[in-house]
Amino acid sequence: AGNRRYTFAELMMRAKGYPAPNFKESKDIKVVLHARWLHGNPDSDGNITYQAGSILGMSGPRLDFIPAELMAPGEISFTSDPQLGKAVITAGSWEEMCDRAITYFTMRKPTCLGSSSTYAQTMYNLFASPQFRAGKTASNETFKHLEIPEHPTRGVLNMLQDQVAPVLVSGYRPGEGVDKDCWPTPGVCSRVEELHAILGEEVPRATKYTAFAQGNGTYEEYVKELRGQLSQ
């Protein structure tokens, strides 16, 4: 924006010959937060254990106080920049900024195929911390006095991956999962043969139709029983 501290995009624009824009003071916006999105589990020492996965995008409702948001889809890289995306949050005061950050990290999250992380919940705890909101947290002690979540929040996608998918693939019991052979598979045929043998040994229950077919009952008795079954 013409200031001494340039961003990379502004450096490229100035190198191309484009002049710096003239910004006007905003009356309603007094605080701007540049939030980063990481996919990992922070600890009290500020270390983040990054989790593997593939980012599909963002989920959650649109928020009016987010003028800019970026999330790069694709596989999470451990060798390059671990930052997945960023968001700009605007507010009229520091207290309002903390409240809006809590709302943002609660309602909007990256959609990730893979392990979950505690990053969003840690950010929630940070902006909800009375010490942080009072400006008493040093930059090198961001997570030191926080309550770090032990486990990530589980959503519908986590339940599908961790509970439903294994049942679909492996079945409730060993050997009951997906069959790689074409239908009808040998496993299905063997179970059908077993079922035929079991049913062949069972004695069918006698009904009014059985008595009518054997000449031991009347047609009216059979129809009366049949109508009684239909009315149930």
Side-chain angles (χ1 to χ4, degrees), residues 1-13 20-44 46-51 53-74 76-77 80-112 116-149 152-155 157:
N3 298 323
R4 183 174 181 180
R5 179 176 294 179
Y6 289 108
T7 64
F8 179 77
E10 288 178 329
L11 287 175
M12 297 298 294
M13 295 289 284
N22 295 321
F23 289 102
K24 297 181 180 179
E25 182 180 357
S26 176
K27 298 180 180 180
D28 299 328
I29 300 175
K30 301 299 180 181
V31 183
V32 177
L33 171 65
H34 183 195
R36 296 195 305 164
W37 271 111
L38 304 174
H39 190 66
N41 302 330
D43 61 16
S44 57
N47 301 316
I48 300 179
T49 304
Y50 297 104
Q51 303 296 307
S54 182
I55 301 299
L56 302 181
M58 290 292 291
S59 62
R62 295 288 182 180
L63 302 172
D64 294 336
F65 52 81
I66 307 293
E69 185 182 50
L70 175 65
M71 177 61 62
I76 299 174
S77 175
S80 60
D81 187 3
Q83 178 174 308
L84 306 179
K86 60 188 71 176
V88 177
I89 305 176
T90 60
S93 66
W94 172 247
E95 287 293 329
E96 185 182 40
M97 170 60 66
C98 292
D99 293 337
R100 289 184 171 183
I102 289 174
T103 302
Y104 176 74
F105 284 107
T106 301
M107 303 185 70
R108 289 190 65 79
K109 292 182 176 65
T111 302
C112 178
S116 301
S117 74
T118 59
Y119 180 79
Q121 183 62 41
T122 304
M123 291 295 101
Y124 174 94
N125 295 347
L126 175 64
F127 287 100
S129 170
Q131 184 173 351
F132 180 80
R133 295 170 74 105
K136 298 179 180 180
T137 302
S139 59
N140 60 343
E141 296 181 347
T142 305
F143 302 124
K144 187 174 182 179
H145 306 289
L146 280 184
E147 179 183 353
I148 303 297
T153 303
R154 288 174 55 80
L157 184 59

Visitor: How close do Ile66 and Ile89 get, counting heavy atoms only, and between which atoms?
Guide: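 Shortest heavy-atom separation between Ile66 and Ile89 comes out as CD1-CG1, 3.4 Å.
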Visitor: Would you compute the distance between atom CG of Leu33 and atom CH2 of Trp94 and round it to the nearest 0.5 angstrom?
Guide: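 Here the interatomic distance stands at 7.0 Å.
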Visitor: Compare every heavy atom of Tyr104 with every heavy atom of Glu69, then report the nearest pair and how far apart it is.
Guide: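 Result for this residue pair: OE2-OH, 2.6 Å.
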Visitor: With sequence neighbours excluded, what pairs up with Asp43 under the salt bridge (Lys or Arg N to Asp or Glu O under 4.0 Å) test?
Guide: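 Here no residue qualifies.
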Visitor: Restricting to salt bridge (Lys or Arg N to Asp or Glu O under 4.0 Å), what partner residues turn up for Glu147, sequence neighbours left out?
Guide: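 Once residues adjacent in sequence are excluded, Glu147 has no partner under the salt bridge (Lys or Arg N to Asp or Glu O under 4.0 Å) criterion.
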Visitor: Taking only residues two or more places apart in sequence or in another chain, which ones pass ring pair (Phe, Tyr, Trp, His ring centres under 6.0 Å) with Phe127?
Guide: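 With sequence neighbours excluded, Phe127 shows a ring pair (Phe, Tyr, Trp, His ring centres under 6.0 Å) to Phe132, given in chain and number order.
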Visitor: What's the shortest heavy-atom distance between Cys112 and Gly53, and which atoms?
Guide: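 Taking Cys112 first and Gly53 second, the nearest heavy atoms are SG-CA, 4.0 Å.
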Visitor: Please report the interatomic distance CZ(Phe65) to OG1(Thr90), rounded to the nearest 0.5 Å.
Guide: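 Atom-to-atom, Phe65:CZ and Thr90:OG1 are 8.0 Å apart.
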Visitor: Please report the shortest heavy-atom distance between Ser44 and Ile148, naming the atom on each side.
Guide: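 Heavy atoms only, the tightest pair is N-CG1, 4.1 Å.
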Visitor: Please determine whether the number of non-hydrogen atoms from other residues, nucleotides or ligands lying under 6.0 Å from atom CG of Asp28 exceeds 12.
Guide: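 Not buried by this count: 12 neighbours or fewer within 6.0 Å.
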Visitor: Indicate yes or no for a side-chain donor-acceptor contact from Arg36 to the backbone of Gly85 under 3.5 Å, with no hydrogens or angles considered.
Guide: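 Side chain of Arg36 to backbone of Gly85, a donor-acceptor pair under 3.5 Å: no, none is there.
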Visitor: Going by the salt bridge (charged side-chain N to carboxylate O under 4.0 Å, His left out) test, which pairs reach into residues 117-137, not counting sequence neighbours?
Guide: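 Salt bridge (charged side-chain N to carboxylate O under 4.0 Å, His left out) check on residues 117-137 returns Glu95-Arg133, Asp99-Arg133.
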Visitor: Tell me the closest heavy-atom pair linking Ser117 and His39, and the distance in Å.
Guide: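 Distance-wise, the nearest heavy atoms are OG-ND1, 3.5 Å.
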Visitor: Might you point out which heavy atoms bring Ala120 and Lys109 nearest each other, and give the distance in Å?
Guide: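 Heavy atoms only, the tightest pair is CB-CE, 4.0 Å.
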Visitor: Is there a side chain to side chain contact (heavy atoms under 4.5 Å, CB included) between Tyr50 and Ile76 once you walk through the steps?
Guide: CA-CA 9 Å; Tyr50 297 104; Ile76 299 174; 5.7 Å; no
Visitor: Please report the interatomic distance CG(Leu38) to NZ(Lys86), rounded to the nearest 0.5 Å.
Guide: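 Answer rounded to 0.5 Å: 11.5 Å.
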Visitor: Please enumerate all residues that pass side chain to side chain contact (heavy atoms under 4.5 Å, CB included) together with Thr111, with sequence neighbours excluded.
Guide: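 With neighbours one apart ignored, the set is Leu56, Ser59, Leu157.
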Visitor: Could you list the residues that satisfy side chain to side chain contact (heavy atoms under 4.5 Å, CB included) with Lys144, not counting sequence neighbours?
Guide: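 Lys144 satisfies side chain to side chain contact (heavy atoms under 4.5 Å, CB included) with Glu141 only.
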Visitor: About how many Å separate CE of Met123 and CG of Leu126, when rounded to the nearest 0.5 Å?
Guide: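 Leu126 atom CG to Met123 atom CE measures 5.0 Å (nearest 0.5 Å).
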Visitor: Give, for atom OG of Ser93 and atom NZ of Lys30, the distance between the pair rounded to the nearest 0.5 Å.
Guide: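 The OG atom of Ser93 sits 11.0 Å away from the NZ atom of Lys30.
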Visitor: Can a donor-acceptor pair be found between the side chains of Thr118 and Asn41 at a distance below 3.5 Å?
Guide: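 The answer is yes; a qualifying pair exists.
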